[in-house]
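None of the values given here were measured: they were computed from a predicted structure. A, B, ... follow the sequence lines: proteins, then strands. Residue 1 opens every chain.
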2 protein chains.
Amino acid sequence: LTAEVPSFKDSAHYLAELAEFVAIPSVSRESNPPDMRAAAQWLAQQISFAGGHLLETDGNPVVAGEWLGAPGAPTVLVYGHYDVQPTGSLEEWRTPPFELTVTDGKAYGRGATDDKGPILVVLKTAQAYMEQFGALPLNVKFLFEGEEEIGSPNLPAFLRANADQFAADLVISADGAQWRPTEPSVSVASKGLAALDITVTGAGRDLHSGRYGGTVQNPVHVLAQLLAGLHTPDGRVAVPGFYDGIPDLTAQERAEIAAVPFDDDAYAAELGVPGLHGEPGYSTLERLWMRPTLEINGITGGGPYTVIPHVASAHVTCRLMPGQQPAAVIEAIRAHVAATATPGVTVAVTAEKGGAAAYTIDPRHPAVAAARQALAAVYPGQEVINARIGGTLPGTVLFEEVLDAKTLFFSFSIADEMLHAPNEFLRVRRLGEGMRAWSLLWQELSHQQPGAMSASAQPGASE
Amino acid sequence: LTAEVPSFKDSAHYLAELAEFVAIPSVSRESNPPDMRAAAQWLAQQISFAGGHLLETDGNPVVAGEWLGAPGAPTVLVYGHYDVQPTGSLEEWRTPPFELTVTDGKAYGRGATDDKGPILVVLKTAQAYMEQFGALPLNVKFLFEGEEEIGSPNLPAFLRANADQFAADLVISADGAQWRPTEPSVSVASKGLAALDITVTGAGRDLHSGRYGGTVQNPVHVLAQLLAGLHTPDGRVAVPGFYDGIPDLTAQERAEIAAVPFDDDAYAAELGVPGLHGEPGYSTLERLWMRPTLEINGITGGGPYTVIPHVASAHVTCRLMPGQQPAAVIEAIRAHVAATATPGVTVAVTAEKGGAAAYTIDPRHPAVAAARQALAAVYPGQEVINARIGGTLPGTVLFEEVLDAKTLFFSFSIADEMLHAPNEFLRVRRLGEGMRAWSLLWQELSHQQPGAMSASAQPGASE
């Protein structure tokens, strides 16, 4: 085995392959099985050195592979997802979403940064090792799923049925963007997710707003009332029990977060909002990292013409903190909605499959230390920040439960790269930076004792 | 001139022509100028006996014509509109909206009953007179507009500029559906309309709900709060000043309405709602006929995926009673919305062009009496009810102001025929019934003194 890291070509050399991957419209929410399978097969081909192949699930296939030629070294499981978010409004895209377009050092396209670009970084790192040294510095297994963007509904059953095959000392996730472009960061937590729909139904059909107006309840009026009742006017979630189980922030946590450089005004200006807004009693970073949220992601009903719509609905997702269980949060919302009188209509609260609890990794975990070293080497002179992910990675909690493995987030996406929005992009320089960092991380981890990184081996694991 | 009414073919004979008219997708809200013009030209051709031709406006053309061969007899202006509402969701249509489809005595298609079918009734009545007698029983002018469904924004300027050409003793509207299928009715009032959009804007783009959640205001949350604040929980409009200027119902009005047979449970069952709902203190018919409404017709924002939408909006229309002015109502809503603090977003209230005040015609007006006689003859043994239209006919107030002419509603549409909704239809039998009724109405009106029907000639007109 080598103690050196391989050399890489200029990032631009890898963009053609990223373009191939992005060109496959693997939108899991609008699942077109041939597209999903094409993306999976593209990935399997890339890890042919590790026997890459497809494994069926009850949904989109998993891409699996393993290279186990480093006896005595730890085994890491590389995780990522080949599915992408819907494009949203095509009018808001400045370039075609499935044609990777490079401008001013940014590569635009759906999935460029979530998660196809960051996966490419791992693929090219591993291929460079194999080509230049004929070996990887440690044992590597791969698991790429195709349903992360819809909450990984089939991953739990799949992983439980194949736990031995994916056993590893540590999971390294190519998903889970770094915080911001101004400095490198290691994420030590991610929020959980609970998703649901609220649907209000009135008449059997849309009604002329003049010829029936005033005599029947309008489902949009009820929906607005229910949605307005989910928050207090000052920005707290108004659902009784929503915050149950979340520990108060400690003075130390508050001090550590306050020490992170953060400029509210610059942040507001970057987002284009007239001002920031959130739960009273917390700073912006505390809200982002340490407090759960309830967001109405979408509403729909009727249209710009004179009807009383017969149905109106909203999609709601909650980002959860440790201590909150997705099912309990959904039941709390259901009870809160049910407690509001809504005569003249019927109201349904439907939980979406695939909730996930929040996840944390101790900042003192050896993998976090290794990641910090790798980043410090790639970004000399910059402080490496311990950050948190407001987003959700459903696999993390599952890997801990089923594989006894903690997950290290090691993505080269950055959270400002329009994830889930029109004009998603990846900074091209991050391809090369990421390959060098993955090489250094693997070198560093190769010196760890196998088993020392497992979840149950960590201090306080039995708490 | 003849004192007889012409004979008509079976209704089915006229359906082919109605199918031609319906096949032209003259949707004014999605205005495609060639379609609008094609519908206008089809109409002009139908009234070629009256010199039918198109007149330009700042929007869609008006179809005009006149037959003035009855010296000494009154002159009536026949009004209708050739534009139709958007189809709404095509999935909810059981037949193609622009292919007239006849099943079980009902002719389905967009515009079949609003207002193309009822216009056909007049056209065929006039053509039968001309073919069988070579004359109409009174002087008739025609004005068919193409923008009624968007609030007739260009009709006021057009009519003022051409007031002499359209001077008449009475307007007879082929628009303004009869109330319900169980008995004939004459409508003696219609509600006014004020329309506006409320748009809430946050960030410059949709944001990932995890990576930004909790730090910025969500425009959907603000929109829900604003919309919920438009009504009190018990169903009154909560906007200060909204009800200003509306007289209380008199004991006589309440008694007359209470005397109209109406079954709340049957009405709820027909609409498919679990119960009725409306302003406290009023019966269902009082709410429908005598009280203004504020309805949210449509809401849109984001979608069923994990974003904080950057914009959310609602379309709102109010149906107004005499005493309410559209502009004042919109200003009251604007002020109410502005009085709610909405930090972190911008809120815009945009009035839609083309509001209209409410309209009434005295039940003792000679034209109402004539209409009642005609209906009584066509529907022997059935009581003719004085009803009110919850919908809005912007031309009515305008005709009174510019032409000093009252408007008689004499449509053979029925309000339950899915106006503005999917699966709009016309009862086929109403074609023949309508032609006979129009003939009888014209005969009856031909005996009136010209000028005796004008608005200013009515008792109390100076009030």
Does any backbone or side-chain atom of [X] lie under 4.5 Å from a heavy atom of chain B? Answer side chain, backbone, both or neither.
{"X": "A/Asp416", "result": "both"}
{"X": "A/Gln217", "result": "both"}
{"X": "A/His420", "result": "both"}
{"X": "A/Val345", "result": "backbone"}
{"X": "A/Ala177", "result": "both"}
{"X": "A/Thr215", "result": "both"}
{"X": "A/His208", "result": "both"}
{"X": "A/Tyr267", "result": "side chain"}
{"X": "A/Leu285", "result": "neither"}
{"X": "A/Leu226", "result": "neither"}

Query raised in the report: Are any side-chain N or O atoms of B/Arg29 and backbone N or O atoms of B/Ile150, one a donor and one an acceptor, separated by less than 3.5 Å?
Result: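 Checking the backbone N and O of B/Ile150 against the side chain of B/Arg29, no donor-acceptor pair under 3.5 Å is found.
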
Query raised in the report: Under a 4.5 Å heavy-atom cut-off, does chain A meet the side chain of B/Val222, its backbone, both or neither?
Result: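 Looking at B/Val222, nothing touches chain A.
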
